[in-house]
Amino acid sequence: MTDTAHPTAAELFELSDNQLRGRASLKWSTVEPDVLPAWVAEMDVALAPAIIDTLQNALLRHDAGYPGQSDDVVQAFTSFAEDRWDWHIEPEHISFHVDAATAASKLMRHYSGPDRSVIIMPPVYNRFYDWLAGSGVKPLEVPLTNVPNGGFFDLDGIEAGLNAGTRVILLCNPHNPLGRVFSQQELAELADLAHQYDAVVLSDEIHAPMVYQGVEFTPWLTVSDTARKTGIALHTATKSWNFAGLKCGIAIRSATGPWPAELDPTMTRTDTGFWGLLATEVAFRDSRPWLDTVRDHFQSQTDALQRLVAQHLPGVTFHPPQASFLAWLNFRDTDLTEEPADYFLREARVALSPGINFGDAGHGYARLNMGTSTVRLERIIAAMGSAWPPR
C-alpha cells in the first residue's frame, strides 16, 4: 500500500491470502487452509492510518490502563452524527459500554415485562439470540414480511406481541443480514405502536456509518417525538472501521426517553476497552475519508455480486443491500435441499454464515460477506459456481 493520507479501495483491500491467514482474529484463523472465508462480519481491509497511528502512539507511551475522560470521544461522535445524519445529540445523553451487546443486555433485563420476552424480527442478526439468552429473556419472533424484496415490518404481528405483554422491541437498522435501511415513515409507525403499549425500542444502528450514497438513514431518536419518548439507540465505530476486538459501544438516549437510573455513565465507561475508546474517537473525527472509500467499495461490490451471481449461480437471488458489506442469498427456489452453508463448505470450500442461525425465517438462505477485494469476491463466487447446480 502506498504511503498516502487517503488510500484507495484497491490499496486498502490488496491484502493477500497469506497476509489474512496470518491474522489471529476469527474470520481467517478458524477455517481450514483451503477454505475461502465469507462468513463472520470482519473485513479483509487495512485499518485507517489515523487509527494505526493512535494505537501505536499509545503503545509508545506504554498507555494501556483503564479509560479516562471521554469528552473528546463524545465530541467526535456528536460531530459525526450532526454532519452525516443531521442528528443533534446532547453530550449528557451519551454513555459508553463494553459493546452494543452489553448495553442491550442490561437494557433488556431492565425493561422486559413479566413474561421476560423481547420482540425480534427475523431473519435478524444471529447474535441477537445470544444477547437474549445471556440477558435471561426470550425471543418473541415476528418475522419480517416480503424478505425477497428487502423485508418489511409486520406491524399487526408486532402489535399482537405488545398486546400480549411484551415490552421491548429489539430493532436492527440498518438491518443485518438484509442490508435494509428502514424509512422514516416505517419507523414512525413502529414508534407509534411502541408508545401505545408503553414499550421500549432498542435500536441497534451499528451499521449506520456504512449506509450507501443516495440512501437516507434516519436515526431512531430523530424519527419523531414519539420515537424519542420510546427509544434508546446503540452505536459503535468498531464495525464500520473494522476493529471489533477493541470493544467500545455507545448508547444514546433522549431527554424525554427511557434510561435506567442505575446505569451510571461514569461507571459503564470504565468497562469499555481503553484502546477501543481511543480508536473510536479517531475513527469518527479523523477517519471519515477512509470510511467513505470503504463504503463506496461495498456499493460497487453489490453491483459486482449481482453480475457474479447471475453468471455462476443461476436461480439464486438476493435483494441488493442499502448498507454495509453483507448479502442475503436466497436458495429457496433452487434444487438445493440442504443447508446452503453446509453444501458450499463441503463442495466448494467456501465458508458462509448459515441462514438458519438468523432464525427459522433463514431456512434456505445464507449470508455472504462482501467485505473483501473485488478479485477475492470473484474467486468466492466462482468457487461456489464450480459446485453449482447441486448434483
Side-chain angles (χ1 to χ4, degrees), residues 51 54 58 63-85 87-112 118 131 134-137 167-171 173 199-209 219-223 225 227-241 243-286:
I51 292 174
T54 293
D63 193 3
Y66 292 109
Q69 64 84 23
S70 58
D71 292 350
D72 292 340
V73 195
V74 168
Q75 171 60 32
F77 175 66
T78 56
S79 173
F80 185 91
E82 186 92 50
D83 293 345
R84 295 294 172 108
W85 307 314
W87 180 14
H88 178 74
I89 305 170
E90 297 295 341
E92 63 268 23
H93 294 157
I94 292 176
S95 59
F96 295 95
H97 304 262
V98 176
D99 50 25
T102 302
S105 293
K106 292 177 179 179
L107 294 165
M108 288 189 293
R109 281 197 297 269
H110 183 89
Y111 287 112
S112 59
V118 171
W131 295 10
S135 306
V137 298
R167 288 297 172 263
V168 176
I169 300 170
L170 183 55
L171 172 66
N173 179 43
V200 172
V201 176
L202 306 180
S203 184
D204 174 357
E205 300 174 355
I206 66 174
H207 290 266
W220 181 263
L221 296 180
T222 71
V223 167
D225 288 339
R228 283 184 282 277
K229 292 176 183 177
T230 61
I232 298 168
L234 303 174
H235 279 255
T236 181
T238 64
K239 184 66 67 178
S240 297
W241 281 271
F243 56 89
L246 295 185
K247 295 297 181 183
C248 180
I250 305 170
I252 308 98
R253 58 195 184 277
S254 75
T256 58
W259 187 256
E262 64 267 24
L263 288 188
D264 181 351
T266 61
M267 299 301 295
T268 62
R269 186 183 69 239
T270 59
D271 296 331
T272 305
F274 173 51
W275 285 3
L277 206 66
L278 294 179
T280 295
E281 176 187 338
V282 77
F284 283 120
R285 188 188 65 216
D286 301 327

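No hydrogens, no waters, no symmetry mates; every other heavy atom, side chains included, goes into these values. Quantities reported herein were computed from a predicted structural model and do not represent experimental measurements. Note that the numbering runs from 1 along the sequence shown for the chain.
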Query raised in the report: Rounded to the nearest 0.5 Å, how far apart are CH2 of W85 and CG of L221?
Result: 11.5 Å
Requested in this report: I would like to know whether L263 and L107 meet side-chain contact (heavy atoms from CB on, under 4.5 Å); could you show each step before the answer?
Outcome: CA-CA 9 Å; L263 288 188; L107 294 165; 4.0 Å; yes
Query raised in the report: Can you name the ring pair (Phe, Tyr, Trp, His ring centres under 6.0 Å) partners of F284, sequence neighbours left out?
Result: F77, F80, W241
Query - Polar side-chain atom of W220 near backbone of L202 as donor-acceptor pair, under 3.5 Å - result: no
Report task. Could you list the residues that satisfy side-chain hydrogen bond (donor to acceptor under 3.5 Å, both in side chains) with D225, not counting sequence neighbours? Result -> R228
Report task. Name all pairs fulfilling the salt bridge (charged side-chain N to carboxylate O under 4.0 Å, His left out) condition that reach into residues 96-112, sequence neighbours left out, sorted by first residue then second. Result -> D99-K247
Query raised in the report: Residues two or more places apart in sequence or in another chain: which of them pass side-chain hydrogen bond (donor to acceptor under 3.5 Å, both in side chains) with S105?
Result: S135
Query raised in the report: Out of curiosity, K229 NZ to T256 OG1, how far, rounded to the nearest 0.5 Å?
Result: 6.5 Å
Report task. Measure the spacing between CG of L171 and CG of L234 and express it to the nearest 0.5 Å. Result -> 10.0 Å
Report summary line: One should read off an interatomic distance between R253 CZ and E92 CD, to the nearest 0.5 angstrom, of 8.0 Å
Report summary line: Between I89 and the options T78, I250, V74, the side-chain contact (heavy atoms from CB on, under 4.5 Å) test singles out T78
Query raised in the report: Which pairs count as salt bridge (charged side-chain N to carboxylate O under 4.0 Å, His left out) when at least one residue sits in residues 66-80, sequence neighbours excluded?
Result: none
Query raised in the report: Restricting to pairs with a member in residues 269-285, which pass side chain to side chain donor-acceptor pair (under 3.5 Å), not counting sequence neighbours?
Result: E281-R285
Report summary line: Here the pair of heavy atoms bringing A251 nearest to W259 is CB-CH2, 3.8 Å
Query raised in the report: Listed by chain and number, what are the side chain to side chain contact (heavy atoms under 4.5 Å, CB included) partners of S240, not counting sequence neighbours?
Result: P209, M210, L291
Report task. Using salt bridge (charged side-chain N to carboxylate O under 4.0 Å, His left out) as the criterion, list what pairs up with D63, not counting sequence neighbours. Result -> R61
Query raised in the report: Got a sec, which residues hit side-chain hydrogen bond (donor to acceptor under 3.5 Å, both in side chains) with S112, two or more places apart in sequence or on another chain?
Result: R116
**Report entry** Closest contact, heavy atoms only, M108 versus V137
**Finding:** O-CG1, 4.2 Å
Query raised in the report: Quick one: CD1 on I232 to CG on D204, what's the gap to the nearest 0.5 Å?
Result: 13.0 Å
Requested in this report: Locate the shortest heavy-atom distance separating F243 from A283; write the atom from each residue and the value.
Outcome: CE2-CB, 4.2 Å
Requested in this report: Report yes or no: does E205 contribute a side-chain atom to a donor-acceptor pair with the main-chain N or O of P219 at less than 3.5 Å?
Outcome: no
Report task. Identify the two heavy atoms, one from R167 and one from Y111, that lie closest to each other, and give their separation to 0.1 Å. Result -> CB-O, 3.8 Å
Query raised in the report: Where do S254 and G257 come nearest, in terms of heavy atoms and distance?
Result: OG-N, 3.0 Å
Query - Residue list, side-chain hydrogen bond (donor to acceptor under 3.5 Å, both in side chains) with T238, at least two apart or on another chain - result: T236
Requested in this report: Could you walk me through whether W131 and L170 pass side-chain contact (heavy atoms from CB on, under 4.5 Å), step by step?
Outcome: CA-CA 10 Å; W131 295 10; L170 183 55; 4.2 Å; yes
Report summary line: For W87, the ring pair (Phe, Tyr, Trp, His ring centres under 6.0 Å) test, sequence neighbours excluded, returns H235
Query - Which residues share a ring pair (Phe, Tyr, Trp, His ring centres under 6.0 Å) with F96, sequence neighbours left out - result: none
